[in-house]
Amino acid sequence: MKAPAEILSVWQQFDGFPMETLTKAWYYQRSGDQKQRDVELMKQHHDQYGITGNCFDLAIWLLAAFEDARVNAYPIGSKLGTVDAHAAIIAEDRDGRRFLCDLGDQWIQPILIDGDSQNFTSSQLSGYFPGAEVQVKSIGQEVEMVYYRSNGKQSRQLYKVKPVERLQFLAAAEYSQHHISPEPLVEVRLYEKGETRHWEFDNWNSFLSTNTGLYHDEPLENLEDWVDRIHEKTKYDKAFLLASLGFYEKLNLESSETGEVE
């Protein structure tokens with residue numbers, strides 16, 4: 001179920017890249033009409049501030065890296081053109097086998113999705129998703145992922161693996177960058193104690209998912225303390241964090257006053 005070297009070598013360029021909405025809020029205030037950054041600008045911002053972006057940013061960036069490496073790849077998505085959209089990439093090896101590459105959900109590594117491949121298994125597998133075993137169910141133009149947590153909890157996610165036309169995908173990305181939820185989000189893979197763990201900051205709470213369970217961090221109320229905590233996990237520039245979190249703090253206040261959430 002593991003991807004071959006030509007796919008893994010590209011994927012591993014993004015090890016340690018968080019998925020987050022802080023960059024979306026930060027760039028929204030500094031850009032013109034076009035909100036989706038191109039790869040050159042994403043690289044520049046990463047060099048300057050250590051930042052990455054949301055699932056569309058990461059998918060566009062990963063797709064460009066596959067193209068540079070001459071690996072056949074294409075974008076996929078669900079609920080495109082809505083605030084609930086999600087984006088990922090399918091990469092093909094030299095034999096045409098397809099592998100799901102989802103940086104947005106912080107997968108540890110790509111996974112084979114072709115049910116008719118001799119290497120495919122529907123068994124539960126570890127080492128692909130932080131804090132959970134996964135099971136792949138291939139159903140025509142869709143793939144269902146079943147996640148098994150250490151506490152016995154299961155969750156499911158359905159991917160439509162039909163290629164999305166490039167202009168349609170970029171239009172969906174642009175739509176996403178124009179719509180900011182008042183709930184900030186940061187997800188990052190951390191390699192600690194012999195395993196890849198998943199740390200998440202979600203709407204002013206943070207927690208760690210591991211192979212042994214879910215562990216909540218102590219709550220924080222001070223913005224500067226959140227800057228320090230997120231910097232510790234992501235290494236993001238502190239001035240950037242203060243600016244983006246300040247934007248969300250203001251957005252939360254406005255939402256609570258008007259009762260409106262975008």
Side-chain angles (χ1 to χ4, degrees), residues 1-20 52 54-55 58-59 61-63 65-66 69 71-78 86-139 141-161 185-200 207-215 233:
M1 298 288 279
K2 291 184 177 180
E6 68 265 23
I7 292 176
L8 279 176
S9 63
V10 175
W11 174 268
Q12 288 166 352
Q13 296 173 26
F14 297 84
D15 284 350
F17 273 43
M19 188 290 298
E20 38 81 10
T52 57
N54 69 354
C55 65
L58 292 171
W61 199 341
L62 179 61
L63 183 61
F66 278 129
V71 172
N72 188 38
Y74 55 85
I76 61 170
S78 61
H86 183 67
I89 298 296
I90 296 293
E92 297 181 350
D93 68 7
R94 295 186 179 97
D95 297 320
R97 297 181 305 165
R98 298 173 299 167
F99 294 82
L100 173 70
C101 304
D102 191 347
L103 287 171
D105 274 351
Q106 293 289 283
W107 281 69
I108 298 172
Q109 61 178 311
I111 192 166
L112 180 68
I113 62 169
D114 287 323
D116 56 356
S117 171
Q118 63 179 4
N119 296 324
F120 183 87
T121 177
S122 57
S123 301
Q124 293 176 214
L125 301 170
S126 59
Y128 287 89
F129 195 85
E133 292 186 340
V134 297
Q135 181 183 28
V136 184
K137 296 183 178 181
S138 182
I139 316 163
Q141 289 298 319
E142 296 181 336
V143 170
E144 184 182 49
M145 299 294 177
V146 186
Y147 305 88
Y148 297 86
R149 308 285 178 177
S150 60
N151 61 0
K153 181 180 178 181
Q154 294 182 24
S155 59
R156 298 172 184 268
Q157 182 175 12
L158 195 65
Y159 289 90
K160 296 182 182 297
V161 295
L185 177 66
V186 178
E187 299 181 34
V188 61
R189 292 164 291 171
L190 302 172
Y191 189 77
E192 301 173 332
K193 299 182 179 180
E195 64 171 293
T196 301
R197 298 174 163 190
H198 181 273
W199 183 82
E200 185 168 338
F207 48 89
L208 185 69
S209 298
T210 76
N211 291 336
T212 58
L214 186 69
Y215 301 92
K233 304 298 184 182

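Source: prediction; values computed, not measured.
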**Verdict with supporting geometry, Glu20 and Thr52, side-chain contact (heavy atoms from CB on, under 4.5 Å)** = CA-CA 7 Å; Glu20 38 81 10; Thr52 57; 3.6 Å; yes
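- Between Phe66 and Ala91 the shortest heavy-atom distance is CZ-CB, 3.8 Å.
- The closest donor-acceptor contact from the side chain of Asp95 to the backbone of Arg97 lies at 3.5 Å or more, if one exists at all.
- For the atom pair CD1 (Ile111) and CD (Gln135), the distance works out to 10.0 Å, reported to the nearest 0.5 Å.
- Side-chain contact between His86 and Asp105 is present, with at least one heavy-atom pair separated by less than 4.5 Å.
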**Message:** Before you tell me yes or no, could you show the steps for Met1 and Phe120 under side-chain contact (heavy atoms from CB on, under 4.5 Å), namely the whole-Å CA-CA distance, both residues' side-chain angles and the distance that decides it to 0.1 Å?
**Reply:** CA-CA 6 Å; Met1 298 288 279; Phe120 183 87; 3.8 Å; yes
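- For the pair Pro75/Leu63, a side-chain contact is recorded, criterion being any heavy-atom separation below 4.5 Å from C-beta on.
- Considering only heavy atoms from C-beta on, Trp107 comes within 4.5 Å of Met145 through its side chain.
- Taking the six-membered ring wherever Trp is involved, the centroid distance between the rings of Trp61 and Phe17 falls below 6.0 Å.
- In this structure the side chain of Leu58 never reaches within 4.5 angstrom of the side chain of Cys55, judged on heavy atoms.
- Using a 4.5 Å heavy-atom cutoff, the side chains of Val136 and Leu112 are not in contact.
- Note that the CH2 atom of Trp199 and the CG atom of Leu190 stand 8.5 Å from one another [nearest 0.5 Å].
- For NZ of Lys233, the number of neighbouring non-hydrogen atoms (other residues, nucleotides, ligands) closer than 6.0 Å is greater than 12.
- Ring orientation note: the planes of His198 and Phe129 are close to parallel, at an angle under 30° on the 30°/60° scale.
- Under 4.0 Å is where a charged nitrogen must lie from a carboxylate oxygen, and between Glu142 and Lys160 at least one such pair does.
- The shortest heavy-atom contact between Tyr215 and Thr210 is CE1-OG1, 3.4 Å.
- The line from CD of Gln109 to CZ of Arg189 is 10.5 Å long, rounded to the nearest 0.5 Å.
- No salt bridge links Lys193 with Glu195; every basic N to acidic carboxylate O contact stays at or beyond 4.0 Å.
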**Message:** Evaluate Tyr128 against Ile108 for side-chain contact (heavy atoms from CB on, under 4.5 Å), listing each step before the verdict.
**Reply:** CA-CA 5 Å; Tyr128 287 89; Ile108 298 172; 5.6 Å; no
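- Using a 4.5 Å heavy-atom threshold, the side chains of Leu100 and Ile76 count as touching.
- Once rounded to the nearest 0.5 Å, the distance linking SG of Cys101 with CZ of Phe14 reads 10.5 Å.
- Looking at Arg197, its side chain never comes within 3.5 Å of a backbone N or O of Pro130 through a donor-acceptor pair.
- Separating the CG atom in Asn211 from the OG1 atom in Thr196 is a distance of 8.5 Å, to the nearest 0.5 Å.
- By the 4.5 Å heavy-atom criterion applied to side chains, Leu8 and Pro110 are counted as neighbours.
- In this structure, Glu144 CD and Arg156 CZ are separated by 5.0 Å, a value rounded to the nearest 0.5 Å.
- Ser138 places no side-chain N or O within 3.5 Å of a backbone atom of Asp114 that could act as its donor or acceptor partner.
- The closest donor-acceptor contact from the side chain of Glu133 to the backbone of Ser126 lies at 3.5 Å or more, if one exists at all.
- Across all their heavy atoms, Ala65 and Val10 have their closest contact at CB-CG1, 3.6 Å.
- In this structure the side chain of Glu200 reaches within 4.5 angstrom of the side chain of Leu185, judged on heavy atoms.
- Counting only N and O atoms by type, the side chains of Asp102 and Tyr159 include a donor and acceptor under 3.5 Å apart.
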**Message:** Between Leu62 and Gln13, is the side-chain contact (heavy atoms from CB on, under 4.5 Å) condition met? List the steps.
**Reply:** CA-CA 9 Å; Leu62 179 61; Gln13 296 173 26; over 6 Å; no
